[in-house]
Chemist: 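I have a structure I would like to understand better, so I am pasting it below and will then ask my questions one at a time.
Just so you know, these numbers use all the heavy atoms, side chains as well, and skip hydrogens, waters and symmetry mates. Throughout, residue positions are numbered sequentially from 1 according to the sequence presented. All of these numbers come straight from a predicted model, not from anything done at the bench.
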Amino acid sequence: MNKKILVTPRTFGKADPVPMEMLREAGCEVITNPYGRLLTEEEVSELIQDVDGIIVGLDPLNASVLSKAKRLKAISKYGVGVNNIDLDYATQRGIQVANTPGANSLAVAELVIGLMFAVSRRICVSDRNIREGKWQQYPGLQVKGKVMGLIGTGQIGRHTGELARGLGMDVICYDLYPNQEWAASIGARYVPLQEIITGADFISIHVPLTDDTYHLISREELDQMKSSAVIINTARGGIVDEQALSEALQEGKIAGAGLDVFESEPLTDSKLLELDNVVLTSHIGAHTRESVENMGRWAAANLLQILRGETPEFAVNQLTDGGDGNAS
Ligand code: NAD
């Protein structure tokens, strides 16, 4: 295969040599990101001109950038979200787009469990105290027998449900598209969102941020939760009203929160930073060695499948007539 490939994500093939080997063994000439950071529109436009395929992270691939690519046939997203790619334009041009759904979902689900224990056993507070010379015990909460309420049962929500069941928790869940077969297989059940709000001990959020889910958890919902409830958000900031959450935590309306995502990142100026009953992580959900490996290998495999003329395992767009194939 005599193809030229642009690779933009900095972590692609860094810790794991396999994805680069896959491309080179297939005979591809690989150009890597020369800037070591997210590329600008101008930079991608320049680099993309004569490549056949691109493995892309969050760099902009809008219509204007894609119009500069004369030979592009394959866009392989290193990750899941494709909001940086103009899918309509790519489809019209006959450019196949693929992504790596599920590559990092177990990593996020494991972080949920970590945050749940960190909040319920006050692990971070205890750690900070010892470092400050204080030796103090706190009554924690046991998780076995408690109710885990999942909002969203896609890839990450399902993994979280399975891990929670493994810990002896009851699992109730809510999703626009319930997966009854999965729920039955682990002994979980779908309920209306309201039942999660009022009945769950731990509430973990796994829906995308959309117009419909913006501030899905606001003051009204927080007011109805158990005073012992803990919220975990590893999905996106903005799904929870952060101001209302800070106040609810401060006033003891709920017991605690574990947050990996924020309305504005990095989190710098926030009431949350002053509260002891919240554990904060810096959007690390997807970052395990294993998930980075998965993303790299799956992205390379998708790209090679497309360039061989096959439909990739994780196609994002559906090509009908192959598009016009030419840049305009
Ligand atoms: P997914 O697409 O597999 O699942 C999302 C689920 O949400 C689907 O089952 C869908 O039916 C449901 N849903 C969508 N809108 C809904 C609504 N309005 N009401 C109820 N249900 C709704 O996604 P996933 O891979 O499980 O990821 C879930 C979230 O986690 C995404 O927002 C993603 O951006 C985020 N995420 C965070 C990290 C991190 O590093 N913290 C990493 C990966 C993904």
Chemist: So which atom in V80 and which in P101 form the shortest heavy-atom distance, rounded to 0.1 Å?
Modeler: CG2-CA, 3.9 Å
Chemist: Mark yes when over 12 heavy atoms from residues, nucleotides or ligands other than Q318 sit less than 6.0 Å from its CD; otherwise mark no.
Modeler: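 It does not: Q318 CD has 12 such atoms or fewer within range.
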Chemist: Kindly determine whether N317 and T91 satisfy side-chain hydrogen bond (donor to acceptor under 3.5 Å, both in side chains), including the steps that lead there.
Modeler: CA-CA 7 Å; N317 59 344; T91 307; 3.1 Å; yes
Chemist: Please check this pair: side chain of N277 against backbone of L249, looking for a donor-acceptor N/O pair closer than 3.5 Å.
Modeler: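 Flag set: sc N277 to bb L249 pair under 3.5 Å.
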Chemist: Quiz question: by atom type and distance under 3.5 Å, do the side chains of S246 and Q243 form a donor-acceptor pair?
Modeler: no
Chemist: Taking all non-hydrogen atoms of both residues into account, name the closest pair between D170 and R165 and its distance.
Modeler: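 Closest heavy-atom pair between D170 and R165: OD1-NH1, 4.1 Å.
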Chemist: Any donor and acceptor pair, going by atom type alone, linking the side chain of Q250 with main-chain N or O of L275 inside 3.5 Å?
Modeler: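 Not confirmed, Q250 side chain does not pair with L275 backbone.
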Chemist: Given 3.5 Å as the limit, does a donor-acceptor pair link the side chain of D59 with the main chain of L39, or not?
Modeler: yes
Chemist: Between S291 (side chain) and A286 (backbone), is there a donor-acceptor pair under 3.5 Å?
Modeler: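 Looks like yes, one N/O pair under 3.5 Å.
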Chemist: Closest approach of P9 and V56, non-hydrogen atoms and distance?
Modeler: CG-C, 3.8 Å
Chemist: Quick check: does any side chain N or O of D175 sit under 3.5 Å from a backbone N or O of P178, one acting as donor and the other as acceptor?
Modeler: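 Not at all, since once roles are kept as given, no pair shorter than 3.5 Å links the two residues.
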Chemist: Kindly indicate, with the supporting measurements, whether the criterion side-chain contact (heavy atoms from CB on, under 4.5 Å) is fulfilled by D241 and I217.
Modeler: CA-CA 6 Å; D241 178 342; I217 304 296; over 6 Å; no
Chemist: With sequence neighbours excluded, give me every ring pair (Phe, Tyr, Trp, His ring centres under 6.0 Å) pair touching residues 7-51.
Modeler: F12-Y78
Chemist: In the structure I gave you, are the side-chain heavy atoms of L222 and M225 within less than 4.5 Å of one another anywhere?
Modeler: yes
Chemist: Kindly say whether N62 contributes a backbone atom to a donor-acceptor pair with the side chain of D86 at under 3.5 angstrom?
Modeler: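 No: the side chain of D86 does not pair with the backbone of N62.
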Chemist: Check whether any side-chain heavy atom of T100 sits under 4.5 Å from a side-chain heavy atom of K77, and report yes or no.
Modeler: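 No - every pair of side-chain heavy atoms lies 4.5 Å or more apart.
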Chemist: Would you indicate whether E251, at its atom CD, is surrounded by more than 12 heavy atoms from other residues, nucleotides or ligands within a distance under 6.0 Å?
Modeler: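 For E251, atom CD is crowded (more than 12 foreign heavy atoms under 6.0 Å).
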Chemist: Among pairs that include at least one residue of residues 106-116, which meet salt bridge (Lys or Arg N to Asp or Glu O under 4.0 Å), considering only residues two or more places apart or in two chains?
Modeler: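 Not a single pair qualifies under salt bridge (Lys or Arg N to Asp or Glu O under 4.0 Å).
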Chemist: What residue among K3, R71, K4 forms side-chain hydrogen bond (donor to acceptor under 3.5 Å, both in side chains) with D52?
Modeler: R71
Chemist: Between L273 and T268, which heavy-atom pair has the shortest distance, and what is it?
Modeler: CD1-O, 2.6 Å
Chemist: Let me have the donor-acceptor pairs involving side chains of residues 21-32, under 3.5 Å, with sequence neighbours excluded, atom names and distances please.
Modeler:
none

Chemist: CG of D260 to OG of S282: how many Å apart, nearest 0.5 Å?
Modeler: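 The OG atom of S282 is 7.0 Å from CG of D260, to the nearest 0.5 Å.
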Chemist: Give, for atom CG of D201 and atom CD of Q142, the distance between the pair rounded to the nearest 0.5 Å.
Modeler: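 Going from the CG atom of D201 to the CD atom of Q142 covers 11.0 Å.
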Chemist: What are the two closest heavy atoms between A200 and K226, and how far apart are they?
Modeler: O-CD, 3.9 Å
Chemist: Under a 3.5 Å distance rule, please check whether T213 uses its side chain to pair with a backbone N or O of T210 as donor and acceptor.
Modeler: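 Checking the backbone N and O of T210 against the side chain of T213, a donor-acceptor pair under 3.5 Å is found.
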Chemist: Going through the distances and angles, do F314 and V97 end up as a side-chain contact (heavy atoms from CB on, under 4.5 Å)?
Modeler: CA-CA 9 Å; F314 302 109; V97 182; over 6 Å; no
Chemist: Side-chain donor-acceptor pair under 3.5 Å between T281 and H283, yes or no?
Modeler: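 Their side chains do not contain a donor-acceptor pair, so the 3.5 Å distance test is not met.
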Chemist: Are I203 and V230 packed together at the side-chain level, in the sense that at least one heavy-atom pair is separated by less than 4.5 angstrom?
Modeler: no
Chemist: I'd like to check the side-chain hydrogen bond (donor to acceptor under 3.5 Å, both in side chains) partners of Y138; sequence neighbours left out, ordered by chain and number.
Modeler: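 Only N129 meet the side-chain hydrogen bond (donor to acceptor under 3.5 Å, both in side chains) criterion with Y138.
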Chemist: Rounded at 0.5 Å granularity, tell me how far CZ in R308 sits from CG in L304.
Modeler: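 Reported to 0.5 Å precision, the distance equals 5.5 Å.
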Chemist: Ignoring hydrogens and geometry beyond distance, is a side-chain donor-acceptor pair present between N302 and E313 at under 3.5 Å?
Modeler: no
Chemist: Side chains of V261 and T234: does their closest heavy-atom pair fall under 4.5 Å?
Modeler: no
Chemist: Looking at side-chain heavy atoms only, is the closest gap between I151 and H206 below 4.5 Å?
Modeler: no
Chemist: Between R289 and D16, is the closest basic N to carboxylate O distance under 4.0 Å?
Modeler: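 Answer for the salt bridge query: no.
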Chemist: Does the side chain of K144 come within less than 4.5 Å of M169's, by heavy atoms?
Modeler: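 With C-beta onward as the side chain, the pair stays apart.
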Chemist: Give a yes or no on whether I239 and V108 share a hydrophobic cluster (residues Ile, Leu, Val, Met, Phe, Trp, Tyr; joining criterion: side-chain heavy atoms under 4.5 Å apart).
Modeler: no
Chemist: I'd like to know if the side chain of N84 and the backbone of P60 have a donor-acceptor N/O pair within less than 3.5 Å.
Modeler: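 Such a contact is absent between N84 side chain and P60 backbone.
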Chemist: Apart from L38 itself, what residues make up its hydrophobic cluster when side-chain heavy atoms of I, L, V, M, F, W and Y under 4.5 Å apart count as a link, directly or indirectly?
Modeler: L58
Chemist: Please examine the side chains of L66 and I48, heavy atoms only from C-beta on, and report whether any two atoms are closer than 4.5 Å.
Modeler: yes
Chemist: Check the side chains of S67 and S64 for a donor-acceptor pair under 3.5 angstrom, ignoring hydrogens and angles.
Modeler: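 Per modelled atom types, S64 and S67 side chains form no pair under 3.5 Å.
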Chemist: Step by step, would you call I172 with M148 a side-chain contact (heavy atoms from CB on, under 4.5 Å)?
Modeler: CA-CA 6 Å; I172 55 175; M148 166 66 89; over 6 Å; no
Chemist: According to the side-chain hydrogen bond (donor to acceptor under 3.5 Å, both in side chains) rule, which pairs have a member within residues 184-198, sequence neighbours left out?
Modeler: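 side-chain hydrogen bond (donor to acceptor under 3.5 Å, both in side chains) check on residues 184-198 returns T153-Y190, R189-E195, Q194-Q224.
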Chemist: Can you tell whether the side chains of R219 and D223 come within less than 4.0 Å, N to carboxylate O?
Modeler: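 Salt bridge: no.
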Chemist: Using the rule that Ile, Leu, Val, Met, Phe, Trp and Tyr join whenever any side-chain heavy atoms are under 4.5 Å apart, tell me whether W298 and I55 fall into a single cluster.
Modeler: no
Chemist: At what distance, to the nearest 0.5 angstrom, does OG of S270 lie from CG of L280?
Modeler: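 Between atom OG of S270 and atom CG of L280 there are 7.5 Å.
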Chemist: How about R37: does its CZ atom have over 12 heavy atoms from other parts shown lying under 6.0 Å from it?
Modeler: yes
Chemist: Keeping the roles fixed (side chain from E263, backbone from G238), state whether a donor-acceptor pair exists under 3.5 Å.
Modeler: no
Chemist: Flag the pair E43 / S45 as yes when at least one side-chain heavy-atom distance between them is below 4.5 Å, and no otherwise.
Modeler: no
Chemist: Do other residues, nucleotides or ligands put more than 12 heavy atoms under 6.0 Å from the CD atom of E265?
Modeler: yes
Chemist: Take H215 and V240 through the side-chain contact (heavy atoms from CB on, under 4.5 Å) test and state the conclusion after the steps.
Modeler: CA-CA 5 Å; H215 285 191; V240 178; over 6 Å; no
Chemist: Compute whether any side-chain donor of one residue and acceptor of the other, for T8 and N33, lie under 3.5 angstrom apart.
Modeler: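 Judged by distance alone, the side chains do not pair up.
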Chemist: Of all heavy-atom pairs between P19 and R297, which one has the smallest distance, and what is that distance?
Modeler: CG-N, 3.9 Å
